[in-house]
Colleague: 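Here it is, the structure in full.
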Amino acid sequence: MTKTIERYNPRVEEPRWQKAWDDNESFVASDKDDGRDTYYMLEMFPYPSGRIHMGHVRNYSMGDVLARYKRARGFNVLHPMGWDAFGLPAENAAKQTGSHPKTWTYANIAAMRAQLKSMGLSYDWTREFATCDPEYYHRQQELFLDFLAAGLVTRKSAKVNWDPVDETVLANEQVIDGRGWRSGAVVEQRELTQWFFRISDFSEELLAALDTLDGWPEKVRTMQRNWIGKSEGLRLLFELMPSNETGRTSVEVFTTRPDTIFGASFIALSPDHPLAEEIGRRDPAVQGFIDAFHRQGTATETLEKAEKEGVFTGLMVRHPTRPSETLPVYVANFVLMDYGTGAIFGCPAHDQRDLDFARKYGLRVIPVVLPPDTDPADFTVGADAYVGPGTIYHSEFLDGLTIEAAKREIARYFGARQVDGAVQGTVETNYRLRDWGISRQRYWGCPIPVIHCPTHGVVPVPKADLPVRLPDDVTFDKPGNPLDRHPTWKHVPCPICGEPSRRETDTMDTFVDSSWYFARYTSPHASEPTIPAIANTWLPVDHYIGGVEHAILHLLYSRFFTRAMHRTGHLGMDEPFKGMFTQGMVVHETYRDTAGDWVLPADIVLEGMGEARHATLASTGAPIEIGAIEKMSKSKRNVVDPDEIVRTYGADCARWFMLSDSPPERDVQWTEAGIEGASRFQQRVWRLLHDTLELGPGSEDASSATAEIESIRKLAHRTVQGVADSIEGLRFNSAVAQIYELTNGLSRFAAALEATPDAFGTAVLRDGVERLLQLIAPMMPHLAETCWQLLGKSGMVADAGWPSVDTALLVDDTVVMAVQVNGKRRGEMTVPKGAPVPEVEKQALSLEAVARMLDGAPPRKIIIVPDRIVNVVV
RNA sequence: GCGGGCGUGAUGGAAUGGUAGACAUACGGGACUUAAAAUCCCGGGGCUGUAAGCCGUGUGGGUUCAAGUCCCACCGCCCGCACCA
């Protein structure tokens with residue numbers, strides 16, 4: 001076709017349709033039961049850092065495809081968006097630029113909202129909120145009080161990382177080589193009284209329910225399983241020999257290998273163990289060891305590589321199964337205080353750490369597990385501990401038992417004995433999962449709604465007095481918590497007695513905010529946290545999409561919160577997310593100039609290919625070194641600004657490219673060629689539409705139908721089916737490929753009709769294009785709307801539903817069967833579908849290639865998979 | 001160390017145990033054009049001049065009429081957790 005048409009202009013069309021959807025309230029979810037099934041589509045809400053990045057574009061494009069698709073399939077879809085708006089960056093900005101965290105945050109939200117709107121995402125914006133809205137944190141405070149009343153919250157003393165310069169608690173991630181990440185001060189371990197959510201009460205439940213979450217990636221479930229870290233073992237008392245000055249008579253250890261008790265050769269305490277601290281006070285050598293341990297502190301790097309070291313305490317314990325023997329008690333650097341009891345018994349022969357320790361301090365190594373089919377005389381433990389299966393030996397009454405049987409036997413044995421008037425051994429399940437400490441000494445977070453009264457202790461703020469609002473008049477010029485040094489805010493009367501009291505000045509961890517926002521979306525403006533009747537119709541979220549970096553904490557906290565809200569009557573289910581998906585990152589090449597500084601992709605020019613590929617700085621022509629492909633990050637400057645892409649190519653192209661190139665769980669590399677390809681496709685659809693319009697409406701009279709016309713009809717119907725299957729399976733790249741095939745087919749067909757007009761063919765083309773637009777609509781919604789309108793369809797494609805599929809067109813009456821000889825393809829043949837086996841066999845044997853391979857001999861065997869393949873075995 | 005995942009053309013990737021390389025990108029050739037862009041058509045895993053054929057999904061074995069796909073062993077890469085007793 002030689003006529004020229006104007007190019008499709010996304011800059012004009014996209015804002016037009018965004019306004020139309022808005023005016024039409026196309027994506028406002030209905031809380032009324034209108035007979036449609038509900039579908040809750042959610043993407044992880046962003047932190048309002050100021051700009052959206054390509055990772056957001058990818059995440060939200062995927063979510064939008066599903067939301068629009070499900071809506072087309074007749075679901076009542078809830079697809080909300082909001083802002084995870086509390087957090088430290090706002091306070092840092094306040095310190096650096098003097099702008100108030102609130103001003104900074106809301107300005108960022110406004111900017112990012114405009115960016116998201118320019119992408120044409122099908123959000124129900126009427127449900128938008130920010131977690132820093134008093135309306136939101138009011139309800140969060142209500143939840144806190146309900147949790148408190150239900151015994152789900154506790155206040156206890158805990159060791160925390162304390163930055164003495166900034167006067168704040170630091171998360172483990174913020175301590176680098178034992179120093180505060182911002183102040184550089186040596187971090188102290190401080191014992192502080194903190195608020196905790198009792199998530200560890202739910203350890204078993206949270207673990208067990210993972211098995212029911214079959215809509216989650218196995219990887220995420222595994223990560224959560226490991227994080228919860230269940231292990232079953234024995235809590236065991238060792239009797240301290242009387243000659244000690246501590247006044248204690250026993251030491252308690254936890255072990256998962258009680259079957260190796262006869263191999264025990266020492267006891268080791270954590271440096272943080274109360275008994276170790278007690279001995280340290282009298283014994284300078286022990287205290288020196290503990291101090292040295294603390295100086296190494298939290299730097300994970302050094303912890304990993306640290307040699308097993310310890311110091312003898314002078315104490316001895318009685319061997320629990322060999323009463324005439326004693327074992328030395330050490331303080332050792334590899335024993336953790338916050339797991340088990342903070343003390344272990346060492347069995348060097350069957351634990352590598354214990355073995356390393358024993359070799360260093362000359363302790364006994366007594367093998368008690370004999371590997372299968374091994375002669376006891378041949379078995380020795382050298383540099384490697386034996387941790388495999390085997391038979392117990394050197395163990396008196398356990399001899400000959402398997403490990404599992406020995407565990408049961410020894411548990412029974414210790415269960416019947418006493419030390420200190422207590423049962424010596426108790427079967428116990430231990431979890432790594434610790435309670436969730438939520439106290440933060442920060443301003444920009446949700447205030448914890450309690451008051452400390454000298455008489456009544458901790459008093460909850462009465463619900464009528466909520467919300468406890470953050471004061472606006474705060475300063476950030478000094479270190480520490482602005483709430484704490486505010487002149488008046490914390491001075492309040494006790495709600496019970498009216499005496500002068502102190503308001504809690506800690507705020508909640510921002511993970512609390514994101515642990516229930518998905519529930520709040522169901523009634524975002526209700527005067528209670530949720531309206532259970534409504535929340536229960538929407539939840540659990542049908543599909544949740546976000547980054548794998550939240551696979552543990554955010555998802556685990558949300559699962560806990562859902563259970564806690566269930567117990568306190570705010571929700572009617574235990575699991576928040578039925579389907580869950582973690583998308584891959586957006587990566588890009590990195591570029592550096594001759595000085596080694598990172599350079600933005602937008603500032604360079606790329607030329608050549610392969611070996612000859614090189615880059616220069618656009619402004620000066622200076623050479624640029626092309627570096628590794630890495631996750632887009634500000635620090636490496638390998639970022640592409642979504643705004644720039646939307647301005648240049650339009651939102652549809654950005655969305656299309658993000659969906660088309662890689663499977664969604666894998667990383668996708670942003671390339672100029674890729675976005676160009678999307679843009680080319682967009683114009684191709686546009687031209688196809690105009691070619692179709694040019695040909696006119698055609699005729700429904702099928703009497704002139706040809707095989708070619710039929711094959712186009714089939715292609716269209718099959719693609720509808722295939723794209724639906726692909727979208728349901730989140731194989732967006734595969735859906736895109738099928739749409740390409742349909743577009744190619746229709747374009748060629750349009751060209752053929754131009755050359756040889758055919759009225760029925762024209763009608764089939766038009767029908768195919770109509771279907772194509774509906775398939776494209778979830779991905780390139782603006783383009784689809786414009787074309788839909790030009791095609792003369794009434795209403796919007798967003799409301800048009802999903803195209804029907806004539807299942808009769810999905811099956812062929814003939815099939816092409818591959819013919820193999822000895823499993824190698826030698827030819828193919830066309831047979832009627834469902835052709836009888838003898839027919840197929842005869843035809844296959846008559847193929848020239850087959851006859852040649854047979855060379856006159858009869859085939860040994862012929863395998864026929866009907867309508868699929870023939871394999872002749874010679 | 002433990003756990004999870006991945007390895008397919010020049011590149012991203014496709015393939016319910018049944019024709020490996022769909023689709024796209026890059027590239028080469030052609031058409032159109034004064035020319036370029038855009039667009040359209042053709043080509044393409046390797047070896048062999050062509051054809052027939054042989055080889056080919058990280059490596060080596062195995063199961064099967066048939067293996068990218070299942071099993072075993074190994075190599076490499078990525079991610080997560082990590083002194084959890």
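Chain letters run A, B, ... following the sequence lines, proteins first, then strands; residues in each count from 1.
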Colleague: In whole Å, what separates the P atom of U64(B) from that of A10(B)?
Modeller: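 The answer is 34 Å between these two P atoms.
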Colleague: Evaluate the criterion ring pair (Phe, Tyr, Trp, His ring centres under 6.0 Å) for residue pair Phe289(A) and Phe293(A); output intermediate values, then yes/no.
Modeller: CA-CA 6 Å; Phe289(A) 180 82; Phe293(A) 173 80; 7.1 Å; no
Colleague: Just to verify, what does Asp435(A) make a side-chain contact (heavy atoms from CB on, under 4.5 Å) with, not counting sequence neighbours?
Modeller: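 Testing Asp435(A) for side-chain contact (heavy atoms from CB on, under 4.5 Å), a comparison that skips the adjacent residues, returns Lys156(A), Phe196(A), Arg198(A), Ile199(A), Ser200(A).
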Colleague: Output a table of nitrogen or oxygen pairs between the protein and nucleotides 9-12 of chain B separated by less than 3.5 Å.
Modeller:
{"unit_1": "G12(B)", "atom_1": "O2'", "unit_2": "Asp661(A)", "atom_2": "O", "d": "2.8"}
{"unit_1": "G12(B)", "atom_1": "O2'", "unit_2": "Ser662(A)", "atom_2": "OG", "d": "3.2"}

Colleague: Do the ring planes of Tyr361(A) and Phe357(A) sit parallel (below 30°), tilted (30 to 60°) or perpendicular (above 60°)?
Modeller: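 Tilted: the ring planes of Tyr361(A) and Phe357(A) meet at 30° to 60°.
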Colleague: In whole Å, measure the gap between the C1' atoms of A51(B) and C32(B) for me.
Modeller: 36 Å
Colleague: Between atom NE2 in His550(A) and atom P in C81(B), what is the gap in whole Å?
Modeller: 13 Å
Colleague: What about Phe581(A) and Trp216(A), are their ring centers closer than 6.0 Å?
Modeller: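 No, the ring centres sit 6.0 Å or more apart.
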Colleague: Between U48(B) and C54(B), how far apart are the two C1' atoms, rounded to whole Å?
Modeller: 9 Å
Colleague: Name the nucleic acid region contacted by Val865(A), choosing base, sugar-phosphate or nothing; use a 4.0 angstrom heavy-atom cut-off, strictly under.
Modeller: base
Colleague: For nucleotides A22(B) and A66(B), find the distance between their P atoms and express it as a whole number of Å.
Modeller: 26 Å
Colleague: Pick base, sugar-phosphate or nothing for Tyr740(A), based on heavy-atom distances below 4.0 Å to the nucleic acid.
Modeller: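 Counting heavy atoms under 4.0 Å across all strands, the contact made by Tyr740(A) is with sugar-phosphate only.
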Colleague: I'd like the C1' distance from G5(B) over to G58(B), given in whole Å.
Modeller: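 About 16 Å, rounded to a whole number of Å.
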Colleague: Can you tell which of A22(B), C41(B), G18(B) lies closest to the side chain of Gln820(A)?
Modeller: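 Of A22(B), C41(B), G18(B), G18(B) is nearest to the side chain of Gln820(A).
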Colleague: Taking atom NZ of Lys360(A) and atom CD of Glu309(A), what is their separation to the nearest 0.5 Å?
Modeller: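 Output value for this atom pair is 4.5 Å.
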Colleague: Give the rounded distance in Å between these two atoms: CZ of Arg7(A) and C1' of A37(B).
Modeller: 10 Å
Colleague: Could you check G7(B) for me: syn (within 90° of 0) or anti?
Modeller: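 Anti, which is what one calls it when the glycosidic angle falls more than 90° from 0.
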Colleague: According to the Watson-Crick and G-U wobble definition with distances under 3.5 Å, which dot-bracket string, read 5' to 3', encodes RNA chain B, using [ ] for crossing pairs and | for pairs with another strand?
Modeller: (((((((..(((.....[....))).(((((.......))))).(((.....)))..(((((..]....))))))))))))....
Colleague: Could I get a table of every N or O pair under 3.5 Å where one atom is in the protein and the other is in nucleotides 1-4 of chain B?
Modeller:
none

Colleague: Look at all strands and tell whether Arg748(A) reaches a base, only sugar-phosphate, or nothing, counting heavy atoms closer than 4.0 Å.
Modeller: sugar-phosphate
Colleague: Rounded to the nearest angstrom, tell me the gap between atom CH2 in Trp656(A) and atom P in U25(B).
Modeller: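 It is 11 Å, rounded to the nearest whole Å.
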Colleague: Could you state the atom-to-atom distance from CE of Met779(A) to C1' of C23(B) in whole Å?
Modeller: 13 Å
Colleague: Arg257(A) or Ala818(A): which one's nearest nucleotide on RNA chain B is closer to the 5' end?
Modeller: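 Closest to the 5' end, via its nearest nucleotide, is Ala818(A).
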Colleague: Closer than 3.5 angstrom, by distance alone: can the side chain of Thr671(A) be matched with the main-chain N or O of Gly674(A) as a donor-acceptor pair?
Modeller: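 Side chain of Thr671(A) to backbone of Gly674(A), a donor-acceptor pair under 3.5 Å: yes, one is there.
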Colleague: Assess Arg432(A) against Trp227(A): is NZ or CZ under 6.0 Å from the centre of the six-membered ring, and within 45 degrees of the ring's axis?
Modeller: yes
Colleague: Identify, between Phe334(A) and Val872(A), the residue whose nearest nucleotide on RNA chain B lies closer to the 5' end.
Modeller: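 Its nucleotide being nearer the 5' end, the pick is Val872(A).
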Colleague: Can you sort out which residues in residues 670-689 of chain A have a heavy atom within less than 4.0 Å of RNA chain B? Ascending by number, please.
Modeller: Ala673(A), Arg680(A), Arg684(A), Arg687(A)
Colleague: If I pick the C1' atom on G7(B) and the same atom on C74(B), what distance separates them, to the nearest angstrom?
Modeller: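 One C1' to the other, the span is 14 Å.
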Colleague: Can you give me the N/O atom pairs linking the protein to nucleotides 43-47 of chain B at distances under 3.5 Å, or say none if there are none?
Modeller:
none

Colleague: Say we look at A31(B) and G21(B): how far apart would their P atoms be, to the nearest angstrom?
Modeller: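 Each nucleotide's P atom is 30 Å from the other's.
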Colleague: Can you figure out which of C54(B), A85(B), U19(B) approaches the side chain of Arg826(A) most closely?
Modeller: C54(B)
Colleague: List the steps, then state whether salt bridge (charged side-chain N to carboxylate O under 4.0 Å, His left out) holds for Arg257(A) with Asp354(A).
Modeller: CA-CA 13 Å; Arg257(A) 290 300 301 276; Asp354(A) 297 349; over 6 Å; no
Colleague: Using atom P of each nucleotide, how far apart are G62(B) and G56(B) to the nearest Å?
Modeller: 14 Å
Colleague: Just the rounded figure in Å: distance from C1' of A22(B) to CG of Leu715(A).
Modeller: 13 Å
Colleague: Please report the interatomic distance CE(Met580(A)) to OG1(Thr582(A)), rounded to the nearest 0.5 Å.
Modeller: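 Reported value, rounded in 0.5 Å steps: 5.5 Å.
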